[in-house]
Chemist: 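Provided herewith is a single structure, encoded as structure tokens, for subsequent inquiry.
Proteins get letters first, then strands, A, B, ... in listed order; numbering begins at 1 in each. Atom set for the values below is all heavy atoms of this structure, side chains included, hydrogens, waters and symmetry mates excluded.
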Amino acid sequence: MSVRTRFAPSPTGPLHMGGVRTALYAYLFARRHKGQFILRIEDTDRNRYVPGAEEYIIESLKWCGILPDEGVGFGGIHTPYRQSERKEQGVYADFSKRLMDAGHAYYAFDTPEELEVERKKAESLGNPAWQYDAASRPSMRNSLNMTDGEVSDLLQKNTPHVIRLKVESGRTIAFNDMVRGDVSFDSSLVDDKVLIKADGMPTYHLAHIVDDILMEVTHAIRGEEWLPSAPAHILIYEYLGIAQPKYAHLPLLLKPEGNGKLSKRDGDRLGFPVFPLEWKDPASGEVSSGYREKGYYPEAFVNMLAMLGWNDGTEQELFSMDELIERFDFERVHKAGARFDPEKAKWFNEQWLRKQSDTTLGGNLALQAEVVFGAEQHIVSKAYCTGAVRLLKDRVQFEGEFLEKGRYLFETPAEYDEKVVAKRWNPTAKQFVESFIPVLESAAEFRAEPLKSSFEHHAAASGLKPGDVLQLFRVIVSGQGSGVDLFGMVELLGRTEVINRIQRALLQLPSC
RNA sequence: GGCCCGUUCGUCUAGGGGUCUAGGACAUCUCCCUUUCACGGAGGAAACACGGGUUCGAUUCCCGUACGGGCUACCA
């Protein structure tokens, strides 16, 4: 049987980067084993449904290159892939009936208010966690404690009720988790989970199992938050007489600083995205930033996520999706939660940026430049922008930084670094700069190396050391005291522009 | 509180009884390169939570404690 994994998010808002990582691992595992990866939407909670969330999830996965073989928006033969629609087909009711008929589930007529009363009562007795289980079940209003007549009477009157799993007490439920190894629980501590809610919708516990069975999922890969309910799930499989899938409970992503798991708040507070794509909350209008909009490459984002809790055992850190597929294994997933480091995330992007060719980056930069400076100028040509990229490439982490960090390659400076001017601008220097113009005009080759030599010769001829005027010259050309390779910049700007800039500086700088 | 999971440099991690004077990466510091700033190169500081066992020998195995995380809904 081929490996089949799924990612089954709830459309309750934007997809958290931790969720993306879970999807990624499930995807990698499926691909690694030549199996299929499914996207299923778990929308059984009508109260938490957020419009647009489903589209957001799909778009996020596409952006990341985590492409499902089947699922909402991706086709497949196990349709529908949305639980609300599957409910219409009656699949959940069928399975709950099977459990009920076998005596492993029962009707419970207790209202939420009554349950709340029980909890309060227990709390006042010093028990902070009352639960509906083998111990409390005999004193509750459920079909186990009623005659068939009473039950059918209540059902006939449409009395609100749920269906609960009848968990046997006193058993040890053990299983082998692909990342954690052997794990075991005492079934006495597992509560009688609600299988079907009063509104007729299945809960996650029932729905995911029914769907995993029907969709032939072989490996259930999910977050660590599901580990405590895994024994209930295993019991359901057992009661159904169907083999359980292999489980992998992944460690969670933790806040960069402080305690707890990574949340939306941390992103706002520390200034990094927690979502793959930008998200605008439809209710509040609040906008949360996304990795895509921040300028991250999807490859870098995926690479970074993959390394947060997994490594291939070597010292390699840069992986393409194909390499990840080739090497990924749950045995090498770290068991403890991983604290997210925004700085390292940027580093991954920097590394991926350097892998891009100069011409690719130049083309992208040309597009950006055209938006800012308009078309029809040589500075927005691909050739010019590629030249700019060569000068700037190893000083940026994001493509969006080319323009801001290399502004002077596109615009004549309006201001000049005051400190350098104060220190270096004097009659001698001025005379030198003025007299350098003819040198530039007559330069046979307007290229970095020869220009640098003639600059040095000219300085020497003027009785100056290059150091006396180099930085000043840089400020005159770019306005800034530091930046890209000086003569590389001069070459790129070209003869006309450089001379223009010098003449302009001569007018702008204070007389001396 | 209860249950479950976890615990190596500030962070992500390698390590699976002797090879550990514990390796790499990010961040940080110093130096070199350089006209500057970056990049790059070299180097530094920096960790096995604690206590018991087991063993000739524990970072590696077991137990306990501490700490961290998750769960404890008719949410997923």
Chemist: Would one find a side-chain N or O of Arg332(A) under 4.0 angstrom from OP1 or OP2 of G15(B)?
Modeler: yes
Chemist: So Arg474(A), base contact, sugar-phosphate only, or nothing? Heavy-atom distance under 4.0 Å.
Modeler: base
Chemist: Quick one: side-chain contact (heavy atoms from CB on, under 4.5 Å) partners of Lys166(A), sequence neighbours excluded?
Modeler: Tyr106(A), Arg137(A), Leu144(A)
Chemist: Classify Asn47(A) by what it touches in the nucleic acid, base, sugar-phosphate, or nothing, heavy-atom distance under 4.0 Å.
Modeler: nothing
Chemist: Kindly give the atom pairs (protein nitrogen or oxygen, nucleotide nitrogen or oxygen) under 3.5 Å for nucleotides 26-30 of chain B.
Modeler:
residue: C26(B); atom: OP1; partner: Trp347(A); partner atom: NE1; Å: 3.3

Chemist: So does Asn311(A) get a side-chain nitrogen or oxygen closer than 4.0 Å to the phosphate oxygens (OP1/OP2) of A14(B)?
Modeler: yes
Chemist: Give none if C3(B) has no partner; otherwise give the nucleotide forming a Watson-Crick or G-U wobble pair with it, both distances under 3.5 Å.
Modeler: G70(B)
Chemist: Could you run down nucleotides 67-74 of chain B 5' to 3' and tag each one B, S or - for protein heavy-atom contact under 4.0 Å?
Modeler: -SSBSBSB
Chemist: Within the 4.0 Å heavy-atom criterion, would you say Gly309(A) contacts the bases, only the backbone, or no part of the nucleic acid?
Modeler: sugar-phosphate
Chemist: Under 3.5 Å, which donor-acceptor pairs do the side chains of residues 250-260 of chain A form with other protein atoms, sequence neighbours left out?
Modeler:
residue: Lys255(A); atom: NZ; partner: Asp266(A); partner atom: OD1; Å: 3.1
residue: Lys255(A); atom: NZ; partner: Asp266(A); partner atom: OD2; Å: 3.1

Chemist: May I ask you to say what Thr314(A) touches in the nucleic acid, namely base, sugar-phosphate or nothing, with a heavy-atom cut-off under 4.0 Å?
Modeler: nothing
Chemist: Can you list everything that forms a side-chain hydrogen bond (donor to acceptor under 3.5 Å, both in side chains) with Tyr25(A)? Sequence neighbours excluded, please.
Modeler: none
Chemist: With P as the reference atom in both, quote the distance from C48(B) to A22(B) in angstrom, rounded to an integer.
Modeler: 11 Å
Chemist: Check nucleotides 44-46 of chain B against the protein and report each pair of N or O atoms closer than 3.5 Å, with its distance, or say if there are none.
Modeler:
none

Chemist: Judged by each residue's nearest nucleotide on RNA chain B, which is more toward the 5′ side, Lys335(A) or His205(A)?
Modeler: Lys335(A)
Chemist: Consider the side chain of Ala338(A), meaning its heavy atoms from C-beta on, and name the nucleotide among G6(B), U13(B), G23(B) that approaches it most closely.
Modeler: U13(B)
Chemist: Assign His249(A) to base, sugar-phosphate, or nothing according to its heavy-atom contacts below 4.0 angstrom with the strands shown.
Modeler: nothing
Chemist: So that I can tick it off, tell me whether Lys120(A) and Glu113(A) are bridged by a salt bridge, with the cut-off set at under 4.0 angstrom between side-chain N and carboxylate O.
Modeler: no
Chemist: Between Ser482(A) and A38(B), does any side-chain N or O lie under 4.0 Å from OP1 or OP2?
Modeler: no
Chemist: Pick base, sugar-phosphate or nothing for Arg424(A), based on heavy-atom distances below 4.0 Å to the nucleic acid.
Modeler: nothing
Chemist: For a quick check of understanding: with a heavy-atom distance under 4.0 Å over all strands, which category does Gly467(A) fall into, base, sugar-phosphate or nothing?
Modeler: nothing
